[in-house]
Amino acid sequence: MGVALVWLVNTVIQLMIWSIIISAILSWLFAFDVINHRNRFVSQVAAFFDAVTRPLLEPFRRIIPPLGGIDISPIVLLLLLNFARILFNNSAAGPLIAILG
């Protein structure tokens, strides 16, 4: 049970990381006109990733202003998510597996 819980926490964090990366790449592709907003599938995929990542990024966007027009809040959030994953794996995962088995 403990191993499954540790796997679940790590998987959720990794999915959040990938969602932020995909959302950032899509926003760059839209900004540089590499892909078109009029493509319905691409627009729906971008809207999905925006809806997933916006609640995570909004608190950071309120605190961190864009630097030269570049939003660095995804980078800060990626660093914090990796920090949380490492902290969880090094401090909580072992005792959790020991307690739950």
Side-chain angles (χ1 to χ4, degrees):
M1 180 70 172
V3 174
L5 192 57
V6 169
W7 174 84
L8 181 65
V9 169
N10 281 308
T11 302
V12 167
I13 291 173
Q14 197 62 37
L15 284 172
M16 288 189 302
I17 289 170
W18 279 109
S19 295
I20 293 165
I21 292 170
I22 292 169
S23 179
I25 290 172
L26 282 172
S27 72
W28 295 338
L29 292 175
F30 281 132
F32 293 115
D33 254 351
V34 175
I35 55 177
N36 196 342
H37 274 291
R38 285 179 245 130
N39 183 332
R40 187 172 186 189
F41 175 74
V42 173
S43 182
Q44 287 177 342
V45 169
F48 169 77
F49 282 108
D50 186 53
V52 168
T53 59
R54 182 174 297 219
L56 299 171
L57 291 170
E58 279 303 316
F60 296 101
R61 286 182 176 151
R62 278 188 244 125
I63 297 170
I64 304 168
L67 300 175
I70 298 173
D71 182 18
I72 63 165
S73 58
I75 296 168
V76 173
L77 183 57
L78 288 173
L79 290 171
L80 286 174
L81 284 171
N82 278 312
F83 174 76
R85 184 174 47 96
I86 291 168
L87 187 66
F88 173 76
N89 287 332
N90 289 338
S91 63
L96 195 61
I97 291 171
I99 292 171
L100 298 176

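Owing to the predicted nature of the structure, the values given are computational and were not obtained by experimental measurement.
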Same cluster (ILVMFWY, side-chain, under 4.5 Å), [X] and [Y]:
{"X": "Trp28", "Y": "Leu77", "value": "yes"}
{"X": "Phe83", "Y": "Leu81", "value": "no"}
{"X": "Val42", "Y": "Val34", "value": "yes"}
{"X": "Leu78", "Y": "Ile25", "value": "yes"}
{"X": "Leu100", "Y": "Ile97", "value": "yes"}

Could you list the donor-acceptor pairs under 3.5 angstrom formed between side-chain atoms of residues 44-63 and any protein atom two or more places apart in sequence or on another chain?
{"unit_1": "Asp50", "atom_1": "OD1", "unit_2": "Arg54", "atom_2": "NH2", "d": "3.3"}
{"unit_1": "Asp50", "atom_1": "OD2", "unit_2": "Arg54", "atom_2": "NE", "d": "3.4"}
{"unit_1": "Asp50", "atom_1": "OD2", "unit_2": "Arg54", "atom_2": "NH2", "d": "2.7"}
{"unit_1": "Thr53", "atom_1": "OG1", "unit_2": "Ser23", "atom_2": "OG", "d": "3.4"}
{"unit_1": "Thr53", "atom_1": "OG1", "unit_2": "Phe49", "atom_2": "O", "d": "2.8"}
{"unit_1": "Arg61", "atom_1": "NE", "unit_2": "Asp71", "atom_2": "OD2", "d": "2.8"}
{"unit_1": "Arg61", "atom_1": "NH2", "unit_2": "Asp71", "atom_2": "OD2", "d": "3.3"}

May I have the list of side-chain donor-acceptor pairs in residues 3-21 shorter than 3.5 Å, sequence neighbours left out?
{"unit_1": "Trp7", "atom_1": "NE1", "unit_2": "Thr11", "atom_2": "OG1", "d": "3.4"}
{"unit_1": "Asn10", "atom_1": "OD1", "unit_2": "Asn89", "atom_2": "ND2", "d": "3.1"}
{"unit_1": "Asn10", "atom_1": "ND2", "unit_2": "Val6", "atom_2": "O", "d": "3.0"}
{"unit_1": "Asn10", "atom_1": "ND2", "unit_2": "Asn89", "atom_2": "OD1", "d": "3.0"}
{"unit_1": "Thr11", "atom_1": "OG1", "unit_2": "Trp7", "atom_2": "O", "d": "2.7"}
{"unit_1": "Ser19", "atom_1": "OG", "unit_2": "Leu15", "atom_2": "O", "d": "2.9"}

